[in-house]
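What you see is a predicted model, and the numbers here were worked out from it, not measured in a lab. Every chain is numbered from 1 and lettered A, B, ... according to where its sequence line falls, protein lines coming before strand lines.
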2 protein chains.
Amino acid sequence: MSVAEQTRQNILNVAADEIHHHGFKATSLSVILNRCGISKGALYHHFTNKLELGYAVFEEVYQPMFLQAWQPALSTDDPIEGLCEFLTSITEKMACNESVCGCPLNNLCEEMANVDEGFRLRILAMQEQLNQLIVDAFERVRDDLRNNIKFSQAGYFIAATLNGANSLGKSSRNKVVFTQIIDELCCYIRALKK
Amino acid sequence: MSVAEQTRQNILNVAADEIHHHGFKATSLSVILNRCGISKGALYHHFTNKLELGYAVFEEVYQPMFLQAWQPALSTDDPIEGLCEFLTSITEKMACNESVCGCPLNNLCEEMANVDEGFRLRILAMQEQLNQLIVDAFERVRDDLRNNIKFSQAGYFIAATLNGANSLGKSSRNKVVFTQIIDELCCYIRALKK
DNA sequence: ATAATATCCGACCGCACGGTATGTTGCAAG
DNA sequence: CTTGCAACATACCGTGCGGTCGGATATTAT
């Protein structure tokens, strides 16, 4: 990897971290520059403006990260159990101070979806992609599931509840509430089986 | 109501609307002043700073609004059905352009809970209050419910899913996804009964 | 070796923001 | 009538922001 490309990747990673912690609008370019040890000229050589940097972070950092997290859980022989174990593992791996940051995708959705169309469409595509993953997984084992289930609707329901759990976790500042909601969600998911 | 008190209420209402539409940080005092037709001196006569204005909006506008919305649904003879009807009525009353604004409480939670302790504690208290309402309602009809239900956990689960539904609604910009999630949530709620 | 281009630097700009300080008006008590 | 304070108005300030631009340096092509 060329040194220029390293600079670019460094900017993307630092920006991703800053956006995750402070949101897009509250993220300061100056902070990114300081953390990267580069100048403003360097940043504006690689990205035309802050918005394009945000888009690049979404596409090149958040999106792959997101898919890599969900994909394995849904690709197992038993996606129902895979999903439950994945959700439970989130609560276990989540440190207390991390719980307040929430999911990058959901954060951006809350902050930017109704402000910037570029973000909105990217987020929407990502959510539909996730929903498709869930639907595909359910289709694969549909014989094991109750036959009155609307797969897509259930998929969105799961995603929504996870987002909401993150939200409630932010205000309570401990993961007990979060864990409870995930527990309840796993009950719901397992109840999809016959 | 004195003219001064009218001014104060006007500021609160306009500020509540602005915060609902643009979030707290992105809400500009200048815009509030213009919409109210008052000067900056007037605003700073009634509120010490922007943060205190935000707290006042939360306590005097959002909080009463929130309780007035939930209370009736949970006070009926059949809170399970009351809850479902209430949730469904949200989707019906919600215009398409309103769907992108989301719930003021959830918005503030996402934006401010991990930034400002004053907001966080107020939001937390509000959420616990809502949860208590749900728990109380469930306790009242506990004989009609399955006997392995953790009331508090179910309450948080319901609140979380509603928040998440709002979030997903923001990016899709139509209420179909929102409605689906609420439908699924109502199924879950009705399944709490024996 | 030299020209050309990519990469990066850092001073600067305009702007909108929250907040302050001082001035003005009007009502109400004495 | 006047004194005083609540209720505003207005001009101004410092700050941090995203973004621009001319120049310096490194890398590559010829």
Undergrad: Do we get A:Lys50 above A:Tyr55's six-membered ring, with its NZ or CZ under 6.0 Å from the centre and within 45° of the axis?
TA: no
Undergrad: Ignoring hydrogens and geometry beyond distance, is the side chain of A:Lys50 in donor-acceptor contact with the base of D:dG19 at under 3.5 Å?
TA: no
Undergrad: Verify the contact: side-chain N or O of A:Ser30 to OP1 or OP2 of D:dG16, cut-off strictly under 4.0 Å; return yes or no.
TA: no
Undergrad: Parallel, tilted or perpendicular: which describes the rings of B:Phe58 and B:Phe119, with under 30° parallel and over 60° perpendicular?
TA: perpendicular
Undergrad: How many whole angstroms separate atom CG of A:Leu33 from atom C1' of D:dG16?
TA: 13 Å
Undergrad: Phosphate oxygens OP1/OP2 of D:dG16: is one of them under 4.0 Å from a side-chain N or O of A:Ser28?
TA: no
Undergrad: How do A:Gly41 and A:Val3 order along DNA chain D: which one's closest nucleotide is nearer the 5' end?
TA: A:Gly41
Undergrad: Are B:Phe157 and A:Tyr188 close enough that their ring centres sit under 6.0 Å apart?
TA: no
Undergrad: Please report the distance, rounded to the nearest Å, between NE2 in B:His22 and C1' in C:dG18.
TA: 18 Å
Undergrad: Rounded to the nearest Å, what distance is computed from the CD atom of residue B:Glu52 to the C1' atom of nucleotide C:dG19?
TA: 14 Å
Undergrad: So, OP1 or OP2 of D:dC8: does either fall under 4.0 Å of a side-chain N or O from B:Ser39?
TA: no
Undergrad: Base, sugar-phosphate or nothing for B:Thr27? Non-hydrogen atoms, less than 4.0 Å.
TA: sugar-phosphate
Undergrad: In whole angstrom, give the distance that lies between atom CD of B:Glu18 and atom P of C:dC17.
TA: 11 Å
Undergrad: Look up atom OG1 in A:Thr179 and atom CG in A:Leu87, then write down how far apart they are to the nearest 0.5 Å.
TA: 11.5 Å
Undergrad: Please tell me which of the listed nucleotides, D:dC8, C:dG19, D:dG19, lies nearest to the side chain of A:Leu29?
TA: D:dG19
Undergrad: Taking the six-membered ring for Trp, are A:Phe151 and A:Phe138 parallel (under 30°), tilted (30 to 60°) or perpendicular (over 60°)?
TA: perpendicular
Undergrad: Can you identify which nucleotide, out of D:dA9, C:dT20, D:dC17, has its nearest atom closest to the B:Ala42 side chain?
TA: D:dA9
Undergrad: Looking at every strand, decide which applies to A:Ile38 at a 4.0 Å heavy-atom threshold: base, sugar-phosphate, or nothing.
TA: sugar-phosphate
Undergrad: NZ of A:Lys25 versus P of D:dG19: gap in Å, rounded?
TA: 14 Å
Undergrad: If I take atom NE2 in residue A:His45 and atom P in nucleotide C:dG10, what distance separates them, rounded to the nearest angstrom?
TA: 16 Å
Undergrad: Could you give the OH-to-P distance, from B:Tyr44 to C:dC17, as a whole number of Å?
TA: 12 Å
Undergrad: Rounded to whole angstrom units, what separation is found between the NE2 atom of B:His46 and the P atom of C:dG19?
TA: 17 Å
